[in-house]
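To start, the structure under review is shown below, and the notes come after it.
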Amino acid sequence: MSRSSRGGSRPERRSGRRHPASSDAPTLPDEEVPIDTGTARVERDPDHPDRVTLHVNGVPSSALDLADPGFLAFEYMQQMAAVLAGLPDGPLRVLHLGAAGCALARHVEHERPDSRQLGVDVDARLLELVRSWFALPRSPRLRLRADDAGRALASLAPSSFDVVVRDVFAGDRTPDHLADGGFAAAAHRVLRPGGVLLANCADRPPLSLARREAATLAAAFGPDAVADGRLGVIAEHAVLKGRRYGNVVLVAVRAAPEDAAPSPVGGTGDPTGDQPDDASGDRATDERATDERATDEVDLHDAGLARRLRSLPVPARLLVGDELARFAGA
């Protein structure tokens, strides 16, 4: 259920800093390994010995460079990272729904040290394995929780995260309960004012799923979300033009009231609650993380964001404002 649909090629991308491989690096399996939901397999890149792809039930679910935590291979993750780069400097509080191999969580920790992140995946055994196989940030920087994404989201305190990432799939599409109005409202609730939802939607022409979800998010994030530029859709040109199946990233920003007191991104406290990695966590930790103060909103009209998306190895386009309204049928 928490498996992602990864399409397209994987262009080479390297971050500016690399971490040397540990002398006591874990041994990776050569064959399929049983997990709670089926099987997992780690495929090595013959041209890049530090790079691996995690396959879950035969589907490529995460691609990592074990020596470079900032590396992102999948195009839609690069697009998400371009949006995150527009947030104010400093650590983030990030919720990852559909953790798999935690590639984006590694990237966030690499770019924004001391971030506090929670990765949720329905497969408990998979989380145990990726923790042992890959160089993941340790708790409390990254906690892992085995749970249904919707149930986990409902359990979290209001205004407790700067970013919510949804990357959950059943087969080749997002489960209905994680793409409806209830999910959109729940994501809006756990975001701090100015916080960002990044949702990966795999779709095929005429992009009916992405269009419907864009309209759903517009309703949940306020009547002015489209007009104010707080809602956007990102994809490769060929996908947006309806030429092929691919990934669409939906971006929704929770409004920050004009009179809200500013707050540093990341804030204080720990929003992640009780996780297998840290049995000492409890619900009280969630309550302490509640913070209605606003962080600076990502400006989806920002020319810098459009430039970052155009500069990716596979260039992407952002629809916002009137273009987004036409896409969503608003």
Side-chain angles (χ1 to χ4, degrees), residues 79-98 104-105 107-109 111-112 114-120 142 149-150 152-167 178 181-200 213-214 216-226 228-234 249-273 285-302 305 318 320:
Q79 295 161 13
M80 290 180 173
V83 176
L84 296 180
L87 283 167
D89 293 339
L92 294 171
R93 297 188 292 186
V94 185
L95 171 63
H96 301 266
L97 301 174
L104 188 59
H107 173 86
V108 169
E109 169 66 18
E111 296 294 332
R112 296 172 181 264
D114 299 321
S115 291
R116 292 294 184 265
Q117 303 185 76
L118 170 60
V120 177
L142 173 62
L153 183 64
S155 74
L156 297 169
S159 303
S160 51
F161 288 92
D162 300 304
V163 180
V164 173
V165 178
R166 190 208 66 203
D167 195 8
L178 298 177
F183 169 80
H188 182 273
R189 182 184 65 84
V190 303
L191 285 170
R192 296 171 69 186
V196 181
L197 169 66
L198 298 169
N200 178 25
E213 187 164 8
T216 298
L217 292 174
F221 278 72
D224 298 325
V226 175
D228 291 348
R230 293 188 291 104
L231 189 65
V233 165
I234 302 171
V249 174
L250 297 113
V251 187
V253 181
R254 180 177 173 181
E258 294 182 3
D259 59 351
S263 174
V265 174
T268 59
D270 190 334
T272 59
T285 306
D286 280 351
E287 298 304 326
R288 287 195 300 269
T290 299
D291 187 350
E292 289 289 349
R293 293 176 299 170
T295 142
D296 292 341
E297 288 184 7
V298 171
D299 182 2
L300 298 185
H301 288 290
D302 178 37
L305 173 56
L318 168 66
V320 68

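Everything numeric in this text was worked out from a predicted model, so none of it was measured.
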(message) Keeping R112 on the side-chain end and G90 on the backbone end, is there a donor-acceptor pair under 3.5 Å?
(response) yes
(message) I need the minimum non-hydrogen distance between R93 and S159, along with the two atoms involved.
(response) NH2-O, 4.1 Å
(message) If the condition is side chain to side chain donor-acceptor pair (under 3.5 Å), which residues does Q79 pass it with, not counting sequence neighbours?
(response) none
(request) Considering non-hydrogen atoms only, spot the tightest contact between A149 and V120 and give its length. (result) CA-CG1, 4.2 Å
(message) Between R254 (side chain only) and L191 (backbone N and O only), is there a donor and an acceptor less than 3.5 Å apart?
(response) yes
(request) Name all residues meeting the side chain to side chain donor-acceptor pair (under 3.5 Å) criterion together with R166; count only those two or more places apart in sequence or in a different chain, and write none if there are none. (result) E213
(message) Determine whether V164 and V190 satisfy the following criterion, side chain to side chain contact (heavy atoms under 4.5 Å, CB included), listing intermediate values before the conclusion.
(response) CA-CA 8 Å; V164 173; V190 303; 3.7 Å; yes
(message) How close do P257 and P193 get, counting heavy atoms only, and between which atoms?
(response) CD-CB, 4.0 Å
(request) Please report the C-alpha distance between L305 and V83 in whole Å, then the side-chain angles of each, then the deciding distance to 0.1 Å, and finally whether the side chain to side chain contact (heavy atoms under 4.5 Å, CB included) criterion is met. (result) CA-CA 7 Å; L305 173 56; V83 176; 4.2 Å; yes
(request) Using ring-ring contact (aromatic ring centres under 6.0 Å, His included) as the criterion, list what pairs up with F221, not counting sequence neighbours. (result) H188
(request) Answer whether the closest heavy-atom distance between the side chains of L104 and V94 falls below 4.5 Å. (result) no
(request) Answer yes or no: is there a side-chain heavy-atom contact under 4.5 Å between L97 and L178? (result) no
(request) Might you point out which heavy atoms bring F161 and L95 nearest each other, and give the distance in Å? (result) CD2-N, 3.5 Å
(message) Here's a test for you: under side chain to side chain contact (heavy atoms under 4.5 Å, CB included), which of Q117, R116, E109 qualifies with L142?
(response) Q117
(request) Please name all residues satisfying side chain to side chain contact (heavy atoms under 4.5 Å, CB included) with A184, sequence neighbours left out, ordered by chain then number. (result) T216, L217, A220
(request) List the steps, then state whether side chain to side chain contact (heavy atoms under 4.5 Å, CB included) holds for V108 with V163. (result) CA-CA 11 Å; V108 169; V163 180; over 6 Å; no
(request) For A186, check side chain to side chain contact (heavy atoms under 4.5 Å, CB included) against everything at least two apart and list the hits. (result) L153
(request) Quick one: closest heavy-atom pair of H107 and A81, and the distance? (result) NE2-CB, 3.6 Å
(message) Minimum heavy-atom separation for A199 and M80, please, with both atom names.
(response) C-CE, 4.2 Å
(message) Tell me every residue that passes side chain to side chain contact (heavy atoms under 4.5 Å, CB included) with D224, counting only those two or more places apart in sequence or in another chain.
(response) D228
(request) Please tell me if the side chains of V251 and L198 come closer than 4.5 Å, counting only heavy atoms from C-beta onward. (result) yes
(request) Report the residues that fulfil side chain to side chain contact (heavy atoms under 4.5 Å, CB included) with A218, sequence neighbours left out, ordered by chain and then residue number. (result) V226, L231
